[in-house]
Amino acid sequence: MRKTYETLCFSDAPDWERVPVGTIDCFQWENEEKFRPLSSFQMCFVRNKGIFVRMESDETALRAVCTERDENVWEDSCLEFFFSPDENAGYLNIETNPNGAYLTQVGAKRENRRFLKELTALSPEVKGSITENGWGIELFLPCAIFEEAFKIGFSALPGVYRGNFYKCGDLTQKPHYGSFSPMRRELTFGFHDPEYFATIIVKEDEHD
């Protein structure tokens with residue numbers, strides 16, 4: 001069943017203390033040796049500015065080979081955010097490793113996706129961090145990226161959207177495939193399956 005994540009739209013800057021925490025706890029396509037690192041996320045809007053995301057995992061046996069943009073980061077220890085800015089648009093996927101290396105593409109489905117850098121000169125802000133207890137990433141996706149890549153108006157306003165949050169690692173010591181909202185049992189489309197995206201409800205911050 002598709003999950004729902006409710007979050008806030010701020011007028012100035014994220015107040016992370018009040019941004020709800022979601023858990024990536026739906027694991028699929030597992031073999032006999034299950035590996036389910038505890039992973040979580042926070043996401044919010046800042047009106048007319050963009051989308052802010054924080055993701056963390058307690059995974060410590062890290063694979064972090066990729067260092068450049070648009071390399072095969074899903075083979076490393078990887079945290080991912082997929083988001084559709086409009087019900088009639090496709091979706092953007094941003095996949096990151098502990099180095100802060102990332103892959104970003106745009107399209108309507110798994111096939112025929114285009115790299116974001118082919119559609120706009122703008123880039124997301126990505127910061128990776130590693131601690132003795134795991135690792136995490138911080139993302140900022142400005143409104144203009146969505147406007148240029150999808151050719152739509154996007155002002156990061158309250159509303160209902162679609163997306164999902166993932167934890168994976170194809171070539172890690174223990175391959176794993178976790179998501180916030182569960183995917184279909186068959187490995188048909190992998191994470192690139194908009195039908196199974198979560199519902200993301202963004203509400204106006206009442207404290208503004």
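Heads up: numbering here begins at 1 and tracks the sequence.
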Checking the side chain of [X] only, and the main-chain atoms of [Y] only, is there a donor and an acceptor separated by less than 3.5 Å?
X    : Y    : value
T23  : D25  : no
S77  : R63  : yes
D86  : N88  : yes
N31  : E33  : yes
N164 : S181 : yes

So, taking the atom named [atom1] in [X] and the one named [atom2] in [Y], what distance separates them when rounded to the nearest 0.5 Å?
X    : Y    : atom1 : atom2 : result
K3   : I200 : NZ    : CD1   : 13.0 Å
M183 : F197 : CE    : CZ    : 6.5 Å
Y177 : E80  : OH    : CD    : 10.5 Å
D205 : D12  : CG    : CG    : 10.5 Å

Is a salt bridge present between [X] and [Y], judged by a nitrogen-to-oxygen distance below 4.0 Å?
X    : Y    : result
R2   : E195 : no
K203 : E6   : yes
K127 : E138 : no

Same apolar cluster (I L V M F W Y, side chains within < 4.5 Å links), V65/L62: no
Is there a path of hydrophobic side-chain contacts, each under 4.5 Å between heavy atoms of I, L, V, M, F, W or Y residues, that connects F27 with Y166? no
State whether Y91 and R113 meet the cation-pi test: NZ (Lys) or CZ (Arg) under 6.0 Å from the six-membered ring centroid, and within 45° of the perpendicular axis. yes
Side-chain heavy atoms of V202 within contact of Y161, under 4.5 Å: yes
Just so I know, are the side chains of L103 and I94 near enough to count as touching, which here means a heavy-atom distance under 4.5 Å?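 No; the side chains remain at least 4.5 Å from each other.
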List the steps and the verdict of side chain to side chain donor-acceptor pair (under 3.5 Å) for K109 and H192. CA-CA 6 Å; K109 53 186 179 180; H192 291 272; over 6 Å; no
Please name the pair of heavy atoms, one in F191 and one in Q28, separated by the smallest distance, quoted to 0.1 Å. CE2-NE2, 4.2 Å
Testing the basics here: between F52 and P14, what is the closest heavy-atom pair and its distance to 0.1 Å?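 Looks like CG-CG, 3.6 Å.
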